[in-house]
Engineer: 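Take this structure first; my questions come after.
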Amino acid sequence: MRFVPQGRRFAAVPFALAPIASVVGTPVAGLVCVLLGAATLHFFRDPPRSPPASGVVSPADGRVSVVREEDDGRLRVGVFMNVTDVHVNRAPVAGTVEAVEHSPGLHRPAFSKDSDRNEKVHIRLDTDDGPTEVTLIAGAFARRIHPWVDGGEHLERGERLGHIAFGSRADVLFPPEVEADDLQVAKGDTVRAGETVLVDR
């Protein structure tokens, strides 16, 4: 199993404390440390994904929590990631990264309406079908958004583009030509990053 790089660093602490806790404390304390380390690695897992032959794919694992039309008429789909979901985010389409921009903000629960004012990282893509934007949104406990791409890079559909620590949200803002009738998912649907088709085009 592949893991996000910083995950091994976080998991190393409870694993290192396990033998000390067993000797100084009790075997149960040592077991708790081992389980905590294993849970940390599980959270930072980075499994392989196989994009389908066509379509705009989900940027995240989780549940579709937002489907709305913005003021400029463009369609937005947001995926809420629970703490048990894989938190590696992937490019929904192939394209060139135009910009990666950080916006400071709040840390409200990512499933709430207030999350629109949370800290964000916008990854703007120039694609064959028009401008597409992926927004990584911090949650109540997610204090770190780690984009893995820079302006000028070319991304293939389904390629890794970043990671958010703990419960959070990833949105796709589609080109103007995409309409609600083009959607293959609805609010409440469970999706997988890099594999579930949001729009088939």
Engineer: State whether the side chain of N118 and the backbone N or O of A138 hold a donor-acceptor pair below 3.5 Å, judged by distance alone.
Structural biologist: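 Looks like yes, one N/O pair under 3.5 Å.
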Engineer: Under 4.5 Å between side-chain heavy atoms, hopping through other hydrophobics if needed: is there a path connecting V56 to V149?
Structural biologist: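 They do share one cluster, since a chain of ILVMFWY contacts under 4.5 Å joins V56 to V149.
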Engineer: Is there side-chain contact between V57 and R157, with heavy atoms separated by less than 4.5 Å?
Structural biologist: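 Yes, at least one pair of side-chain atoms sits under 4.5 Å.
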Engineer: Testing the basics here: between V88 and W148, what is the closest heavy-atom pair and its distance to 0.1 Å?
Structural biologist: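 Taking every non-hydrogen atom into account, CG1-CZ3, 4.0 Å.
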Engineer: Is there a side-chain contact between L155 and L125, using heavy atoms and a 4.5 Å cut-off?
Structural biologist: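 They are in side-chain contact.
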Engineer: How long is the straight-line distance from NE2 of H146 back to CG of L161, given to the nearest 0.5 Å?
Structural biologist: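 Reported value, rounded in 0.5 Å steps: 14.0 Å.
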Engineer: With clusters defined by side-chain heavy atoms of hydrophobic residues (ILVMFWY) lying less than 4.5 Å apart, directly or transitively, does V172 cluster with V67?
Structural biologist: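 V67 clusters together with V172.
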Engineer: Could you pull out the closest heavy-atom pair between P51 and G158, with the gap in Å?
Structural biologist: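 Looks like CG-CA, 4.0 Å.
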Engineer: Under the side chain to side chain donor-acceptor pair (under 3.5 Å) test, which residues partner E98, sequence neighbours left out?
Structural biologist: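 Residues passing side chain to side chain donor-acceptor pair (under 3.5 Å) with E98: none at all.
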Engineer: Just how far is it from atom CD1 of I164 to atom CG of D85, taken to the nearest 0.5 Å?
Structural biologist: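 That separation rounds to 11.5 Å.
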Engineer: By side chain to side chain donor-acceptor pair (under 3.5 Å), which residues pair with E195, not counting sequence neighbours?
Structural biologist: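 Checked E195 against side chain to side chain donor-acceptor pair (under 3.5 Å); matches are R192.
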Engineer: Can you give each donor-acceptor pair under 3.5 Å made by side-chain atoms of residues 175-184, sequence neighbours left out, with the distance rounded to 0.1 Å?
Structural biologist:
unit_1, atom_1, unit_2, atom_2, d
D182, OD2, E179, N, 2.8
Q184, NE2, D182, O, 3.2

Engineer: Let me check something: any side-chain donor-acceptor pairs from residues 74-81 under 3.5 Å, sequence neighbours excluded? List them with distances.
Structural biologist:
unit_1, atom_1, unit_2, atom_2, d
R74, NE, F174, O, 2.7
R74, NH2, P131, O, 2.9
R74, NH2, L173, O, 3.4
R74, NH2, F174, O, 3.2
R76, NE, E70, OE2, 2.3
R76, NH1, D171, OD2, 3.3
R76, NH2, E70, OE2, 3.3

Engineer: Would you mind listing every ring-ring contact (aromatic ring centres under 6.0 Å, His included) that reaches into residues 179-201, with sequence neighbours excluded?
Structural biologist: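 Of all non-adjacent pairs touching residues 179-201, none passes ring-ring contact (aromatic ring centres under 6.0 Å, His included).
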Engineer: By the salt bridge (charged side-chain N to carboxylate O under 4.0 Å, His left out) test, which pairs, at least two apart or in different chains, include something from residues 39-49?
Structural biologist: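 Residue pairs with at least one partner in residues 39-49: R2-D46, D46-R90, D46-R160, R49-D61.
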Engineer: Filter on salt bridge (charged side-chain N to carboxylate O under 4.0 Å, His left out), then keep only pairs touching residues 125-137, sequence neighbours left out; what's left?
Structural biologist: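 Those involving residues 125-137 are R124-E133.
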Engineer: Applying a strict under-4.5 Å side-chain criterion to I, L, V, M, F, W and Y, I'd like to know whether V197 and V191 cluster together.
Structural biologist: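 Different clusters: V197 never reaches V191 through Ile, Leu, Val, Met, Phe, Trp or Tyr contacts under 4.5 Å.
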Engineer: Which atom pair, heavy atoms only, marks the closest approach of T40 to A11?
Structural biologist: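 Result for this residue pair: CG2-N, 3.8 Å.
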Engineer: Roughly how far, to the nearest 0.5 Å, is CD1 of I137 from CD of E119?
Structural biologist: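 Output value for this atom pair is 11.0 Å.
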Engineer: If a pair satisfies salt bridge (charged side-chain N to carboxylate O under 4.0 Å, His left out) and one of its residues is in residues 12-28, list it, with sequence neighbours excluded.
Structural biologist: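 Qualifying pairs: none.
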Engineer: Could you give all pairs that pass the salt bridge (charged side-chain N to carboxylate O under 4.0 Å, His left out) test and reach residues 145-155, with sequence neighbours left out?
Structural biologist: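 Qualifying pairs: none.
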Engineer: With a 4.5 Å heavy-atom cut-off, do S168 and L136 have their side chains touching?
Structural biologist: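 Side-chain contact under 4.5 Å: no.
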Engineer: Between OG of S65 and NZ of K187, what distance do you get to the nearest 0.5 Å?
Structural biologist: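 Atom-to-atom, S65:OG and K187:NZ are 7.5 Å apart.
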Engineer: Using side chain to side chain donor-acceptor pair (under 3.5 Å) as the criterion, list what pairs up with T196, not counting sequence neighbours.
Structural biologist: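 For T196, no residue satisfies side chain to side chain donor-acceptor pair (under 3.5 Å) once neighbours in sequence are set aside.
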Engineer: Out of H163, H87, R8, which residue meets the side-chain contact (heavy atoms from CB on, under 4.5 Å) rule with F44?
Structural biologist: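 It is H163; the other options fail the test.
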Engineer: Under 3.5 Å, sequence neighbours excluded: what are the donor-acceptor pairs made by side chains of residues 30-37?
Structural biologist:
none

Engineer: Please list, chain by chain and in numerical order, all residues satisfying ring pair (Phe, Tyr, Trp, His ring centres under 6.0 Å) with F3, sequence neighbours excluded.
Structural biologist: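 Listed in chain order: nothing, the list is empty.
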Engineer: Could you tell me whether the side chain of P47 reaches within less than 4.5 Å of the side chain of V86, counting heavy atoms only?
Structural biologist: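 In contact.
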